[in-house]
Chemist: 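Can you read through this structure? Questions will come right after.
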There are 2 protein chains.
Amino acid sequence: MSKEISQAVIRRMPRYYRYLGELIDEGVERISSNELSTRMNVTASQIRQDLNNFGGFGQQGYGYNVKFLYEEIGKIMGLSEQHNIIIIGAGNLGQAIANYVKFERLGFVTIALFDVNPDICGRTIRGIPIMLVDEMEDFIATHKVDIAALTMPKEKAGAIAKQLVGYGVHAIWNFAHVDLEIDDDVVVENVHLSDTLMQLSYNIVKSRNEKK
Amino acid sequence: MSKEISQAVIRRMPRYYRYLGELIDEGVERISSNELSTRMNVTASQIRQDLNNFGGFGQQGYGYNVKFLYEEIGKIMGLSEQHNIIIIGAGNLGQAIANYVKFERLGFVTIALFDVNPDICGRTIRGIPIMLVDEMEDFIATHKVDIAALTMPKEKAGAIAKQLVGYGVHAIWNFAHVDLEIDDDVVVENVHLSDTLMQLSYNIVKSRNEKK
DNA sequence: GTCAATGTGTGAAAAATTTAACTATCTTTT
DNA sequence: AAAAGATAGTTAAATTTTTCACACATTGAC
């Protein structure tokens, strides 16, 4: 059995991926854990430990091949396959996400939005159709849906999530401010914006106090 | 000197706050760490340890007074004062945030949006004006601005952040996909949506493999 | 008022994470 | 081709975080 990799490590991987992408853009071919650690403001030891969770991607005396490592991390994070997203809640946030072209470069493609409001149904965003929530079941049955993004008010999120899981969706990107109670085999990633605001606020007050 | 409280603890506080808010809505007056731990799916021990970082809010044999604890956490997280937010980048995401009424209940009030696009300037969102980025300096000089939310493309984020800090802004809620290099006395909270998507993607693949 | 039950605060143990140190391997130079 | 230098992989130590366990304060029943 392969050892479980801690979520702390997983949370750091996207940052490595981003920095490696930048290095590629800069035309850098190879990099040592030490040099990368300086750029990223982490310890070289942590970089080596993190990467070694997945295997040895570097070479003693040489370092890491930037392009190779970039691609390997991409594979590890599941970016080698396309993930289709549907967005439930075509409000501002839902539309914002649908408009984010950058996600597509990572393989995350929004294929539909759903809303309860009949007025906006039939419209499209970048060619992506907005449909009625009632059409969701049919749509999921006839399309490959890998991720459902929940951007509706929290009151409705629980029920919608349950429905989605019933229709066969196994991954939820949850922007509603509730903890979804859902089967173990469904993967949930929460994005609680107000939580991050509160953390910011805490650190503001702290920083102010430290300044005396 | 008061001991430093780990960011791990700080990240958990908003969740306590949310659950306590729900308990208040349910009319619950008191709760034990044990009962709360069941609801929240964490250990009672962790709850007690976390809270004790800030002082003893409970009472042996009684538990915690829900309303009192809620208010205390609010104070700890800096919610007892109003935080004015300006949003730089009035695209979809910026507008989505400006429309989020719920933040206001926590004391976070958006007072202006700024954009480089003259076409949308002069418009308002919920009464909040959209202005030209050029007007930013003046605005900050004449208004209390506590937090700047960066929702513009990452290419511009670094320069804008520098400007903002120059104008006296000390806290940045960063949605741009870059690490801002900024003075130590400026507080930055990053919200990297694509990072969370990648984490979700990793967990999807992992979960699929576990299922055999 | 007494006593059993409850349940926090807290010191200590356990677990997890991070950092440091070392070894072995590869690269580069001469 | 050999020696010197660089650097990943890896083991060990240090640190941090989480969990456990229990003394003792408070509540509530009788």
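Residue numbers begin at 1 in each chain, while the letters A, B, ... track the order of the sequences. Nothing here was measured: the structure is a model prediction, and the numbers come from that model.
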Chemist: With a 4.0 Å cutoff (strictly under), does any side-chain N or O of Q46(B) reach OP1 or OP2 of dT18(D)?
Modeler: yes
Chemist: Evaluate the side-chain hydrogen bond (donor to acceptor under 3.5 Å, both in side chains) criterion for residues N203(A) and Q7(B): first the C-alpha distance (whole Å), next the side-chain angles of each, then the deciding distance (0.1 Å), finally the verdict.
Modeler: CA-CA 9 Å; N203(A) 285 315; Q7(B) 290 294 316; 3.1 Å; yes
Chemist: If you compare every side-chain N and O of Q59(B) against the phosphate oxygens of dT26(D) (OP1, OP2), does one of them come in below 4.0 Å?
Modeler: yes
Chemist: When the ring planes of F108(A) and H83(A) are compared, do they come out parallel, tilted or perpendicular, using 30° and 60° as the limits?
Modeler: parallel
Chemist: Hey, which of these two, R48(A) or S32(B), hits DNA chain C nearer its 5' end, going by closest nucleotide?
Modeler: S32(B)
Chemist: Regarding G58(A), tell me which of base, sugar-phosphate or nothing describes its non-hydrogen contacts under 4.0 Å with the strands shown.
Modeler: sugar-phosphate
Chemist: Round to a whole Å and report the spacing from CG of N52(B) to C1' of dT17(D).
Modeler: 15 Å
Chemist: Please tell me which of I31(A) and A8(B) maps to the more 5' nucleotide of DNA chain D, matching each residue to the nucleotide holding its nearest heavy atom.
Modeler: I31(A)
Chemist: State whether E26(B) and R39(B) are salt-bridged, where the test is any N-O pair (Lys NZ or Arg NE/NH1/NH2 against Asp/Glu carboxylate O) under 4.0 Å.
Modeler: yes
Chemist: Going 5' to 3' along DNA chain C, which nucleotides are the first and last within contact of chain A (any atom under 4.0 Å from a heavy atom)?
Modeler: dT17(C) to dT28(C)
Chemist: Report the nucleotide, chosen from dT11(D), dG9(D), dC20(D), that has the shortest atom-to-atom distance to any side-chain atom of Q49(B).
Modeler: dC20(D)
Chemist: Using atom CG of N34(A) as one end and atom P of dA8(D) as the other, report the distance to the nearest whole Å.
Modeler: 8 Å
Chemist: Please determine, by modelled atom types, if Y70(B) and N65(B) share a side-chain donor-acceptor pair under 3.5 angstrom.
Modeler: no
Chemist: Could you check whether any side-chain heavy atom of F139(A) comes within less than 4.5 Å of a side-chain heavy atom of I111(A), counting everything from C-beta outward?
Modeler: yes
Chemist: With respect to the phosphate group of dA8(D), does any side-chain polar atom (N or O) of S33(A) fall under 4.0 Å of OP1 or OP2?
Modeler: yes
Chemist: Check D195(B), D179(B), N190(B) against R15(A) for a side-chain hydrogen bond (donor to acceptor under 3.5 Å, both in side chains) and give me the one that passes.
Modeler: D179(B)
Chemist: At under 4.0 Å, does any side-chain N or O of R30(B) touch on OP1 or OP2 of dG28(D)?
Modeler: yes
Chemist: Measure the distance from CG on L51(A) to P on dT10(D) and round it to the nearest whole Å.
Modeler: 12 Å
Chemist: Rounded to the Å, how far apart are N65(A) CG and dA8(D) C1'?
Modeler: 14 Å
Chemist: Find the distance Y64(B):OH to dA25(D):P and express it as a whole number of Å.
Modeler: 17 Å
Chemist: Could you state the CG-C1' distance from D50(B) to dT17(D), rounded to the nearest angstrom?
Modeler: 10 Å
Chemist: Looking at E35(A) and R30(A), is any side-chain nitrogen of the basic one under 4.0 Å from a carboxylate oxygen of the acidic one?
Modeler: no
Chemist: Using a heavy-atom cut-off of 4.0 Å across all strands, would you classify S45(A) as base, sugar-phosphate, or nothing?
Modeler: base
Chemist: Check the distance between dT17(D)'s P and Q7(B)'s CD and give it to me in whole angstrom.
Modeler: 10 Å
